[in-house]
Each structure stands twice: as structure tokens, then as C-alpha cells.
Amino acid sequence: MKQTLEKLLKEAVERIGVKEPPHIEIEVPKEESMGDLSTPVAMALAHTLKRPPRDIAEDIAGGVSGEGIFERVEVAGPGFINFTFKKDFLHSELKRLLKEGTTFLRRDLGQGRKIQIEFVSANPTGPLHLGHGRGAAVGGALSNLLEAAGFEVERAYYVNDAGLQVRLLGESVFARYRELRGLPHEFPKEGYRGDYVADIARAIMDSAGDKYKDSTFDEAQDFFVDFSLRMMLDETKEDLASFGITFDTWQSERELYESGGVKQAIESLDAKGLIYESGGAIWFRAMEFGEDKDRVIVKSDGHHTYFASDIAYHAKKIEGGFDELINIWGADHHGYIPRLEGVIEALGYERDKLKVLLVQMVSLLRGGEPVQMSKRAGEFVTLREVIEEVGADTTKFIFLTRRPDSHLTFDLEAAKAASAENPVYYVQYANARINSIFAHATEQGVSTDALEGADLGELEEKEEIRLIKKLLAYPMAFEAAVKGREPHRITFYLQELAGMFHPYYNTHRVVTDEPGLTAARLALCRAVRLVIKEGLRILGLSAPDRM
RNA sequence: GCGCCCAUAGCUCAGCUGGAUAGAGCACCGGACUACGGAUCCGGGUGUCGGGGGUUCGAAUCCUCCUGGGCGCGCCA
């Protein structure tokens, strides 16, 4: 629909003597009386052509060749050109949608370009919390979205399984282990205090018994750290699975050290003279890349900072042949962005090869009262608990009906209360409802197989025309979502589509006494279902046949 | 002190990258087909778009200052 107009408009604009036409904006006007699609292009041209916008609009409108396509082409307001399509055109486009299916809905904007999306990447020192859930929902939806748009997408998870934090986890588990055994123990001062630490200790008792009752932590360290890591990682994967999120690659930080990747990355920076020693530590010349201070890679005690392995990790990503890298981070890491971009430049690549998408913080409330989400503190609400309490689809939907950069307060009480009335069901119900219409049709002995031949010209009610236009507008929403990397646009589109389907259903019967009309309406329902399923799939939401 | 993000209806949020009279859902009130699922539908109103200034044909959207909130600014991760 939009593409057809785009092409005709471009020709018309060239026809009035504009050699290099600007980008032609096309939008759906807010009022139906303003036509189906609209363009402000005449107003944009007014300045350069030094003519009144309405005159230009008249000229362009007169030059649009689209006989058989437009019912009306009108100039309105300060200089908008409004287009209203002929019903025949809408019907033939709907026919195409039904025939081509998702091919009609998607556009190949990626052209097979490789893109890696890294998200969640939580420290394996504690369970996933709600903030991770937001990253997971957005990252998963964005991945599906870009995949549908013809990108080759890799979903990546980075596991920080090296360094002092995981050692501290092991030490905390060790202390709990001794505690459970009734042995004297000293809990590390900054240790992890959540219940999950004791859970791990219990699991160790189950599998290793009292094998380590006489060991010091130094002796038992490897076992405790590895066991704890494996268990945390397994639980993380379980949580993500129950949230409907999957990953293609799990990059271990430890592996980057063991394979020599970190060493290599540092050497390559060194070879470029971007590294120096001072005060016993090794520094990266971040200031040469716009940072306000240089950054330590290796501390004076010999330990590497996270930054060191991040350099190696991103070097490895780039060498993986990706055209674009996307990192989805919590907004509390925003200060880290220039540092990492600097490194990418230092490694000899374009800075904008990496796009960091910040997902704003989620503050958790329960009945208006703040709930702490600190991993070190004893009490916090995990993603798992929220999924169990509120449900995966509802939780995801709450995340996907907001711009990622909007701050979000997630009130558990409100979410649960809203759960029964949640808009996600409104959308899913449209799908389920269509399924029962088809079941009903079959019961009535109406064939639902041969809808290809249906005469869609039968669809003349205004609710039907509106619905068709909305369906044909899906590619526009899709394109905007892809270009802006904003999956939430799909969410809003689906709510609007369902918001047209339900009233239609209540006004007009699909299965009627007239076979021709029935076939056409069934075909329309099938198209609605197709689009809803496609949208829900992209968002990572389920599309149950019955609810 | 410096930097990033946010502020739109009572609440939760959209607003298609500068366009027409700023929109949904929730909540509240009233109503609906002996037929395809009432998780539905129909009707009812609400705005100094946080505030001031600027840019221009035109600003919720861009610039600037201010206010308020969130988050960063380590040889932490």
C-alpha cells in the first residue's frame, strides 16, 4: 500500500521539476476523513521552491497517475495531500496478503547482513531479576524483529565466569556449606547473602556429601566455584526458557583468558602504542578516544579488570564478521559506552559498528512500596518469582508496551490485578476467537479450505474496509519498528488491530447464509489471524488457539 | 561538580524522528445480540504536553536555561 504510493509520488514530484526529491514522508492521518495515507511533502518543498505549499500540493496531486488505485486525491489543511484508495485496490492487496503470507508482511531490510545482539548477560553470581527480564524481553523481540527483516541474527549471552566476583560466590557457598555441616565458618564480609547461596550449598552436600568438611577454601575453591557457576547458569537458562527466550551463543569470559584472547587483544593495542604502565598497573589510553581519563586493564596486583576481557570479547565479536553489533545494557552501565566505543576505534574499526541500546531501570514496587533489588542484600524479587506470580506473557507485554528508554515502575500488585484485564489477552483473544469462528464454520459444513477463490469484493462494510486498511498498514509499522530498533511499535499495532477486529465481530456475523459473503469474511479473518500471529511471534508472546 | 535518561489525562503509557482538532488502556458511570467465546462490544470527559526563552509557515517532538526524579562518574563488577 505504502510502496505503491511511494513510487507514484516520486514520479509526480519529479514531474513538477524537482530534480532531487527529498525523502518523501508518508503517514496514516489521524482522522479517517483525511484519507488513508497522507504526505506533507509539498510543505517540505515550499521553502526550496519558494511557492505556497498548497499550490505545490495541487500540482503534485494533479500529476499522480494512479487510475484504478485512488478513489480521491485531495489537498487539505496547510498543504497535505491525502489519498483515499479504491476498494478494488484494497481488495486486491488483501488477496495478495492472503496469498503471499509473511512475505507480504515483511520487508527485506537486512539483505542478509549479519548482526549480533548481546543481551541479558547477567553476572552468574545471583538469580535473574526483573531488570534482566526487561532486557530479555526487549532483546528477544528485537532479535525476532530483525530476523524477520532479513538480517542474519545471532543472539549472544556473555558469561562473566572469571574474576573475583565468582570467587566470592564460591566462598559464600563454602561458608554456607560449613554452616550446614555445623562446622565453624566465617562468612565473607562482602559475600552473597541470598537464599540461593544456601541452595547451592545444599546441592553440594547432596552430590559431594562431606568430602570437603576438612578442606580449606583454597583447597576446595575450584570445585565450589565451578559447581556454583554451573548451577547458577543452569538456573538462568531455565528462567530464560520459561520466559521464552533463547540464545545462540554463550561466550565464557574464562574461555577468553584460557584461549589467549585477552593476551592477544592487549598485545594488539600495545603494538599500536595505546598501552602504558604506571603505578604498577597497565593502562589503556582512553583519553585519545575522547574519554576523560585513561583506564586500567591490569591492576597492580596482577588481576585483570572487566575491561580487559571486554576488549578481547569485542575484538572477537568483530572478527566474527558481523556487520553490526548491538549490546542491550541496563542504563546503569551507560558510563561504560564511550570506553568500549573507544576500544573499537582503537582496534581499527568504525565506532558505530557497535550500538548500545540502553534499557532503563525497572523499579519494583509491591502495593506502592519499593522492593530492593540488590543482589547482595538478602531480600529481592527474582524474575522467576514474577513469572510465577504474574505470568510470562503479561510480564513481557508490560515490558514491550514501553519504549526501552522510559523508566518503568513495575508494581507487582498492580500487575497481578491488571493481569486478568491485561491488553495482552485482548490481542491473544482475537486469535483464539478467529479459531473458534473457523471451528464453527466447519461445524456448519462450510468449507474453509478453498478461500483463495473467495470474492473479496463482498467486503464492503465500513468495519471491513477499516480492518483491511489496518492489515495493509502492517508493513509500515514493521518497517518503522525495524528502522528504529523499536519492537514496541509492533505491540501497539497489534492492540489497534485487535481493537478493530473485536468491534467488527460484534457487528457482523462471519458465518452467514450467503456462501460468497461467508467465504470473503472467513478470508478476512484468516488475514487478521495471520498478522496477529506474526506480530505475537515477533514479540515472543504465545498465540494460544483457545484461552 | 560533570555526564546520560526521563517528565504527556486521576493511574500506566503511546505519539510514526517537525505537521492537521495531542491519543490508547486502566479506573469510574450507564447500557448490549435467546445466533460464530461476554477475556467482547456501545456510549459518557479529562490536558498550563514540568516551567521560561529561542529556531520557523508549523514544536509534545529540535536548541537553550531552570525545576523535579532516576542512574552513572573506581587499580568495583
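Proteins come first, then strands; the chains are lettered A, B, ... in the order of their sequence lines, and each starts at number 1.
Across every non-hydrogen atom of A:V159 and A:P124, the tightest pair is CG1-CG, 4.2 Å. Closest heavy-atom contact between A:A346 and A:L274: CB-CD1, 3.6 Å.
The shortest distance between the side-chain N/O atoms of A:Y192 and the OP1/OP2 oxygens of B:A77 is not below 4.0 Å. One finds no side-chain N or O of A:R54 lying less than 4.0 angstrom from the OP1 or OP2 phosphate oxygen of B:C57. Between A:R403 and the phosphate of B:A14, there is a side-chain N or O to OP1/OP2 separation shorter than 4.0 Å. Phosphate contact (OP1/OP2 of B:C13, side-chain N/O of A:R402, threshold under 4.0 Å): present. The phosphate of B:A32 has neither OP1 nor OP2 within less than 4.0 Å of any side-chain N or O from A:T507. Phosphate contact (OP1/OP2 of B:C76, side-chain N/O of A:K299, threshold under 4.0 Å): present. Contact check, A:H488 against B:G15: a side-chain N or O comes under 4.0 Å of OP1 or OP2.
Side-chain atoms of A:H440 stay outside donor-acceptor range of the base of B:G37, with no qualifying N/O pair under 3.5 Å. For A:H407 against B:C5, a side-chain N or O and a base N or O form a donor-acceptor pair under 3.5 Å.
Computed from coordinates, the A:E25 CD to B:C16 C1' distance equals 8 Å when rounded to whole Å. Distance CD (A:E496) to C1' (B:G25): 12 Å, rounded to an integer number of Å. Here the P atom of nucleotide B:A39 and the CZ atom of A:R433 are 8 Å apart, to the nearest Å.
Comparing the P positions of B:G43 and B:G70 gives an interatomic distance of 42 Å, to the nearest angstrom. For the C1' atoms, the distance linking B:A7 with B:U12 amounts to 14 Å, nearest Å. Separating the C1' atom of B:G45 from that of B:G10 is a span of 12 Å, rounded to the nearest Å. Only the P atoms considered, B:U55 is 15 Å distant from B:U61, to the nearest whole Å.
Closest to the side chain of A:M361, out of B:G70, B:C16, B:A77, is B:G70.
Using Watson-Crick or G-U wobble geometry with both donor-acceptor distances under 3.5 Å, B:U34 finds no partner in any strand shown.
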